[in-house]
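Heads up: the structure comes next, in structure tokens.
Each residue takes its place number in the sequence, starting with 1. Computed from a predicted model, the values in this text were never measured in an experiment. Counting starts at 1 for both ligands and their atoms, in listed order.
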Amino acid sequence: MHVSAAEEGVVSAPVVVVGGGVAGLAAAWRLRARGQDVVLLERSSRLGGLVESERLGGQTADAQGWVLEHGPDGLLASKPGMREVLERLGMQSELVTGGEGKRVAYVARSEREALRLDPIPTSLFRFERRAIVELLRSPLLSWSAKLRLFAEPFVRHSARADTVAHFVVRRFGRELAERVFEPMMRGVYGASIAELGLHETMPKLADLERRYGSVGVALLLAPRAPAGPGLVSFRGGMQTLVERLAAEVAPSVRLGVEVESIQPARPGAPTTLYTSEGPVAAREIVLACPAREARRLLAPLDPALGDELAGIRSTDVSVVSLGYARDDVMHALDGTGFVVDPALGRSLVACTWSSRKWSGRAPDDGVLLRCVVNRGESTPELVQTASEEVHRFLGITAKPRLVRARRRTGALPVYAPGHRERVAEARTRARRFGVELAGNAYDGVGVPDCLSSGIGAAERVRAA
Ligand SMILES: Cc1cc2nc3c(=O)[nH]c(=O)nc-3n(C[C@H](O)[C@H](O)[C@H](O)COP(=O)(O)OP(=O)(O)OC[C@H]3O[C@@H](n4cnc5c(N)ncnc54)[C@H](O)[C@@H]3O)c2cc1C
């Protein structure tokens with residue numbers, strides 16, 4: 001541990017990283033690579049934060065067990081910097097790119113009182129040339145909504161700070177917004193497109209409008225989709241990434257240490273972090289904890305900074321894993337899962353068919369489902385909600401063999417219009433106290449975004 005006694009009762013560490021999620025781990029990894037003395041303080045007894053895989057059974061080579069994902073179940077390898085991170089960590093051989101299910105996800109919705117699963121036109125979200133054809137063929141849209149697509153090139157450009165909802169309704173009409181964007185974006189961000197900022201969550205759409213005057217025309221001119229994996233995971237689940245990072249930074253890590261408050265320094269003097277294990281003096285701090293926690297720690301130093309951070313709302317997410325005997329599941333599960341149209345008013349937000357989406361997630365005679373639900377507090381309540389919904393949507397009546405549930409309070413930040421300006425202001429203010437902000441509240445919610453956020457914060461830390 002690179003901690004040395006400074007003055008009585010106070011240990012000192014040149015750089016302290018607060019939070020051992022992927023952002024904090026990436027920050028510590030980068031700082032160590034730069035030859036910095038760094039200590040990572042994590043309040044829980046494990047590293048990874050929201051990333052948490054649970055492996056059950058399958059200890060022998062010929063017996064596959066269960067791999068449950070209580071947090072993220074994949075990451076976009078095509079995101080900037082991700083390839084380099086995976087290469088540097090030597091994780092290329094650990095990657096898995098998919099399972100036996102078709103690479104199709106669905107929207108569950110109701111038509112004439114009947115529940116149906118219709119494919120999501122995902123090429124639209126990858127900005128691929130075939131997006132327009134896919135939309136014209138999609139059963140999700142009525143004929144009038146399809147005709148409305150042809151009017152898009154004539155819609156006037158707007159420079160206002162849009163929400164995703166406002167932008168999509170303005171350019172493409174209400175039906176595309178409600179039937180495609182709303183369920184899809186809610187499944188990813190846990191928030192409505194009426195709240196999500198366009199520039200914050202889909203900057204490419206705004207960029208295409210600005211450059212081409214029409215998103216539709218820009219899509220038709222788009223190059224063919226690049227080859228190579230999009231969404232990937234790891235053979236042993238997402239925790240494998242945490243384990244690799246943890247191995248890189250092990251000497252710096254202190255688990256079970258909570259930062260309770262931060263005392264600002266006199267100019268030129270180290271800042272003191274008061275922790276559950278005593279004070280630590282630090283020259284620089286990377287706060288890689290959720291925004292509400294950053295706010296709690298920083299508001300006493302600068303109320304205006306506290307206000308900026310308080311403006312980043314976050315939503316709760318509950319994940320329920322259900323493992324079934326294969327014989328108990330009659331549904332073909334021919335795809336990767338589905339998101340639920342919020343207009344149905346159900347408690348199920350999304351259901352991933354994990355054992356179809358990825359290989360090696362369940363024994364040969366098992367089926368693993370991962371449900372995101374928005375009703376229930378306790379584990380039994382969450383499991384009951386998920387089981388009832390799985391019965392309704394997939395017709396599964398059998399009792400699951402295996403159940404797990406995690407309720408994550410304030411897990412997903414909502415990127416509202418103006419978020420980027422808010423973050424820029426918060427960062428400028430935090431820097432005056434030698435604090436860098438990293439994590440899912442600032443630079444994107446995906447795991448690759450959080451890794452980049454941690455690495456970026458580490459690079460902004462002044463060299464000793
Ligand atoms: C259900 C779910 C599914 C998701 N699915 C995907 C997906 O498929 N793909 C994808 O790319 N992303 C996904 N995400 C998003 C992604 O997982 C998260 O945004 C990312 O893991 C957040 O990492 P982080 O390091 O910023 O924060 P966290 O993981 O929240 O880590 C913060 C850490 O700080 C610690 N901490 C907090 N306060 C203190 C303190 N005072 N002192 C010390 N330590 C403290 C916490 O204990 C925690 O370990 C998903 C998220 C959820 C919740």
Side-chain angles (χ1 to χ4, degrees), residues 16-28 39-53 68-79 82 105 187-190 230-233 237-239 241-242 245-246 253-262 273-277 280 285-298 312 314-321 336-337 349-350 352 354 357-358 370-374 405-415 437-455 457:
V16 171
V17 175
V18 182
V22 284
L25 284 166
V39 173
L40 185 153
L41 306 177
E42 164 55 49
R43 76 168 160 205
S44 78
S45 57
R46 56 172 287 280
L47 289 169
L50 294 171
V51 179
E52 185 186 359
S53 317
L68 314 182
E69 296 287 13
H70 300 312
D73 75 334
L75 60 86
L76 268 179
S78 52
K79 283 263 185 159
M82 201 53 228
V188 175
Y189 289 94
L231 195 68
V232 301
S233 184
M238 293 292 284
Q239 190 76 29
L241 174 64
V242 172
L245 283 166
V253 173
R254 294 173 89 194
L255 291 175
V257 182
E258 176 164 3
V259 175
E260 291 163 348
S261 64
I262 295 177
L273 297 100
Y274 289 91
T275 81
S276 50
E277 295 208 342
V280 180
I285 299 167
V286 175
L287 269 191
C289 49
R292 64 176 187 287
E293 188 65 7
R295 176 187 157 247
R296 188 183 69 74
L297 294 170
L298 296 175
I312 304 175
S314 54
T315 61
D316 302 343
V317 186
S318 297
V319 179
V320 183
S321 296
T336 56
V349 177
T352 306
S354 305
K357 181 174 178 181
W358 305 108
R370 174 175 166 276
C371 303
V372 176
V373 296
N374 59 20
R406 289 285 186 287
R407 186 170 152 71
R408 319 277 202 172
T409 313
L412 284 178
V414 177
Y415 281 58
L437 299 169
N440 70 0
Y442 311 106
D443 306 302
V445 294
V447 169
D449 305 312
C450 297
L451 291 166
S452 302
S453 181
I455 291 170

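At a heavy-atom cutoff of 4.0 Å, ligand 1 is contacted by the side chain of Arg370 but not by its backbone. At a heavy-atom cutoff of 4.0 Å, ligand 1 is contacted by the side chain of Val319 but not by its backbone. Using a 4.0 Å cut-off between heavy atoms, Pro448 contacts ligand 1 through its side chain alone, with no backbone atom that close. Residue contacts with ligand 1, taken as heavy atom pairs separated by less than 4.0 Å, do not involve Thr275 at all. Of the heavy atoms in Val317, only side-chain atoms (C-beta onward) come closer than 4.0 Å to ligand 1. The side chain of Val18, and not its backbone, has at least one atom closer than 4.0 Å to an atom of ligand 1 (non-hydrogen atoms only; side chain from C-beta on).
Near Val257, the atoms of ligand 1 lying under 4.0 angstrom from a non-hydrogen atom of the residue are 43 (C). Short contacts between ligand 1 and Gly439, defined as distances under 4.0 Å to a heavy atom of the residue, involve ligand atoms 26 (O). Close approach of ligand 1 to Val51 (heavy-atom distance below 4.0 Å) involves ligand atoms 21 (O). Per-residue contacts place Ala23 under 4.0 angstrom from the following atoms of ligand 1 (heavy atoms of the residue considered): 25 (O), 26 (O). Short contacts between ligand 1 and Cys289, defined as distances under 4.0 Å to a heavy atom of the residue, involve ligand atoms 34 (O), 36 (N), 37 (C), 38 (N). Those atoms of ligand 1 that come under 4.0 Å of a heavy atom in Gly19, given as number and element, are 33 (C), 34 (O), 35 (C), 44 (N). Using a 4.0 Å cut-off to heavy atoms of Leu41, the atoms of ligand 1 that qualify are 43 (C), 44 (N). Using a 4.0 Å cut-off to heavy atoms of Gly74, the atoms of ligand 1 that qualify are 7 (C), 8 (O), 9 (N), 10 (C), 11 (O).
No donor-acceptor distance shorter than 3.5 angstrom exists from the side chain of Arg406 to the backbone of Leu50, with no hydrogens or angles considered. A donor-acceptor contact shorter than 3.5 Å links the side chain of Thr275 to the backbone of Glu277. In this structure, Ser452 contributes its side chain and Pro448 its backbone to a donor-acceptor pair below 3.5 Å. Side-chain atoms of Ser276 come within 3.5 Å of backbone atoms of Glu258 as a donor-acceptor pair (strictly under, hydrogens ignored). For the pair Tyr189 (side chain) and Val414 (backbone), a donor-acceptor distance under 3.5 Å is absent.
Across all their heavy atoms, Ala288 and Val17 have their closest contact at CB-CG1, 4.5 Å. Minimum interatomic distance between Cys450 and Gly439 (heavy atoms only, all atoms of both residues): SG-C, 4.3 Å. Nearest heavy atom pair, residue Asn440 against residue Ala411, reads ND2-O, 3.2 Å. Looking at every heavy atom in both residues, Met238 comes nearest to Ser233 through SD-OG, 3.8 Å. Closest approach of Leu47 and Leu25 over heavy atoms only: CD1-CD2, 4.0 Å. For the pair Val445 and Pro413, the tightest heavy-atom approach, listed with the atom from each and the gap, is CG1-CD, 3.8 Å.
The distance from atom OH of Tyr274 to atom CD1 of Ile262, rounded to the nearest 0.5 Å, is 11.5 Å. One distance of note links CD of Gln239 with CG of Leu241; it measures 9.0 Å at 0.5 Å rounding.
For atom 17 (O) of ligand 1, the nearest non-hydrogen atom from the set Gly444, Cys450, Pro72 belongs to Pro72.
Between Arg43 and Glu293, at least one side-chain N (NZ, or NE/NH1/NH2) sits under 4.0 Å from a carboxylate O, which counts as a salt bridge. Between Glu69 and Arg370 there is no salt bridge, since none of the side-chain N atoms of the basic residue sits less than 4.0 Å from a carboxylate O of the acidic one. No salt bridge links Asp316 with Arg408; every basic N to acidic carboxylate O contact stays at or beyond 4.0 Å.
Residue Val22 has at least one nitrogen or oxygen atom sitting less than 3.5 Å from a nitrogen or oxygen atom of ligand 1, judged on distance alone. When only interatomic distances are considered, the shortest N/O to N/O separation between Glu258 and ligand 1 does not fall below 3.5 Å. The shortest N or O to N or O distance between Val447 and ligand 1 is under 3.5 Å. For ligand 1, the polar-atom distance check finds no N/O of Arg408 at less than 3.5 Å from any of the ligand's N/O atoms.
Counting only heavy atoms of the protein, atom 16 (C) of ligand 1 lies nearest to Val445 O, 3.3 Å. For atom 42 (N) of ligand 1, the nearest non-hydrogen atom of the protein is Val259 N, 3.1 Å. When only non-hydrogen protein atoms are considered, atom 43 (C) of ligand 1 lies nearest to Arg43 N, 3.4 Å. Glu293 CG, 3.1 Å is the protein heavy atom nearest to atom 38 (N) of ligand 1. Looking at atom 32 (C) of ligand 1, its nearest protein heavy atom turns out to be Ala288 O, 3.6 Å. In this structure, atom 30 (O) of ligand 1 lies nearest to the protein heavy atom Leu50 CG, 3.7 Å. With hydrogens left out, the protein atom closest to atom 53 (C) of ligand 1 is Ala411 CB, 3.9 Å, a heavy atom. Looking only at protein heavy atoms, the nearest one to atom 22 (C) of ligand 1 is Asn440 ND2, 3.6 Å.
Distance remark: protein heavy atom not present below 4.0 angstrom from atom 27 (O) of ligand 1.
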